[in-house]
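Quick notes on the structure that follows.
Predicted, not measured: the structure shown is a model, and the values here were computed from it. First the proteins, then the strands, lettered A, B, ... as listed; each starts at 1.
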Amino acid sequence: GEDVEQSLFLSVREGDSSVINCTYTDSSSTYLYWYKQEPGAGLQLLTYIFSNMDMKQDQRLTVLLNKKDKHLSLRIADTQTGDSAIYFCAEIYTGGFKTIFGAGTRLFVKA
Amino acid sequence: EAGVAQSPRYKIIEKRQSVAFWCNPISGHATLYWYQQILGQGPKLLIQFQNNGVVDDSQLPKDRFSAERLKGVDSTLKIQPAKLEDSAVYLCASNNAVTDTQYFGPGTRLTVL
């Protein structure tokens with residue numbers, strides 16, 4: 001069945017780059033998303049990538065998509081303490097008819 | 001542009017009681033979603049509406065959960081009767097049809113004692 005997997009924890013030092021990885025199973029997905037969730041808050045959309053793209057850059061965020069390996073990554077450059085949160089990868093199928101979220105990666109940023 | 005609104009933000013009830021959550025999506029968003037997020041897990045889709053029709057409710061426990069979106073705008077999700085395992089954050093999201101991007105509300109944290 002469909003599944004999205006992420007590593008549960010990542011710890012980095014302030015100023016370093018963070019790379020959060022995600023693997024998915026269904027190749028029919030059209031969009032892949034990264035959401036950020038801070039304690040007690042809803043999910044905040046960070047960025048998304050169309051499935052026909054390999055890379056997307058948005059300020060400090062870089063998304064890489066390897067369709068062959070069904071692997072998605074989010075790189076945060078110059079990670080700050082304010083980036084500490086849970087990051088969710090999600091795949092959404094054509095027309096938004098089905099959405100699968102990963103369990104989330106908790107990012108700890110050490111000062 | 002106002003975001004997705006949800007109320008209440010917190011609710012504590014005892015098992016076997018009933019509870020209802022309310023969601024008002026972003027204006028003009030035809031698609032509305034309810035998710036259940038159990039602590040330590042990602043959101044799980046419960047039900048998806050397109051205007052006032054149900055698109056997907058395959059993961060909604062229909063023996064105790066119900067949802068409606070009568071006028072195609074705001075929506076309510078009800079649990080009756082609640083069980084301990086229903087303790088979770090219930091998230092509402094609405095969809096920008098141009099990019100399929102979902103925008104989330106702050107959620108309602110339900111604690112069932």
Side-chain angles (χ1 to χ4, degrees), chain A residues 1-9 20-26 28-53 56 58 63 72 74 85-107, chain B residues 1-10 21 23-26 29-51 53-60 88-111:
Chain A
E2 303 90 357
D3 197 14
V4 175
E5 294 190 354
Q6 302 178 237
S7 52
L8 293 181
F9 300 100
I20 302 171
N21 296 301
C22 168
T23 57
Y24 59 98
T25 56
D26 198 309
S28 65
S29 57
T30 55
Y31 301 94
L32 295 128
Y33 291 77
W34 284 104
Y35 284 88
K36 176 183 180 182
Q37 187 176 39
E38 295 180 271
L43 276 69
Q44 172 197 351
L45 176 68
L46 284 179
T47 187
Y48 63 91
I49 188 169
F50 297 120
S51 58
N52 62 357
M53 296 171 63
K56 180 179 180 181
D58 184 1
V63 179
L72 182 73
L74 173 69
I86 302 175
Y87 291 80
F88 291 94
C89 168
E91 55 174 341
I92 298 176
Y93 304 100
T94 303
F97 278 80
K98 192 161 190 176
T99 308
I100 306 291
F101 281 83
T105 299
R106 186 177 293 274
L107 175 65
Chain B
E1 178 182 74
V4 176
Q6 289 188 248
S7 67
R9 290 295 314 276
Y10 305 92
F21 313 127
C23 171
N24 190 282
I26 292 172
H29 284 192
T31 308
L32 184 148
Y33 309 79
W34 282 104
Y35 289 88
Q36 180 192 59
Q37 186 179 19
I38 292 173
L39 187 65
Q41 299 181 18
K44 183 185 85 171
L45 180 68
L46 292 176
I47 189 167
Q48 177 182 343
F49 291 95
Q50 180 78 15
N51 295 308
V54 175
V55 172
D56 183 357
D57 63 356
S58 57
Q59 297 192 88
L60 186 74
V89 175
Y90 290 85
L91 295 165
C92 179
S94 67
N95 170 262
N96 176 335
V98 175
T99 64
D100 275 339
T101 301
Q102 294 183 35
Y103 295 89
F104 284 80
T108 297
R109 182 177 297 277
L110 173 67
T111 302

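- The ring-ring contact (aromatic ring centres under 6.0 Å, His included) check on Tyr24(A) picks up nothing, with sequence neighbours excluded.
- Gly42(A) approaches Leu91(B) most closely through the heavy-atom pair CA-CD2, 4.1 Å.
- Atom CZ of Phe101(A) is separated from atom CD of Gln102(B) by 5.5 Å, given to the nearest 0.5 angstrom.
- Not counting sequence neighbours, Tyr35(A) has no partner by the side chain to side chain donor-acceptor pair (under 3.5 Å) test.
- Heavy atoms of Gln44(A) lying under 4.5 Å from chain B are absent altogether.
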Walk me through whether Tyr35(B) and Thr99(A) qualify under side chain to side chain contact (heavy atoms under 4.5 Å, CB included). CA-CA 10 Å; Tyr35(B) 289 88; Thr99(A) 308; 3.4 Å; yes
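- Only the side chain of Gln37(B) comes within contact range of chain A, with at least one heavy atom under 4.5 Å from a heavy atom of that chain.
- Heavy-atom distances place the side chain of Leu45(A), and not its backbone, under 4.5 Å from chain B.
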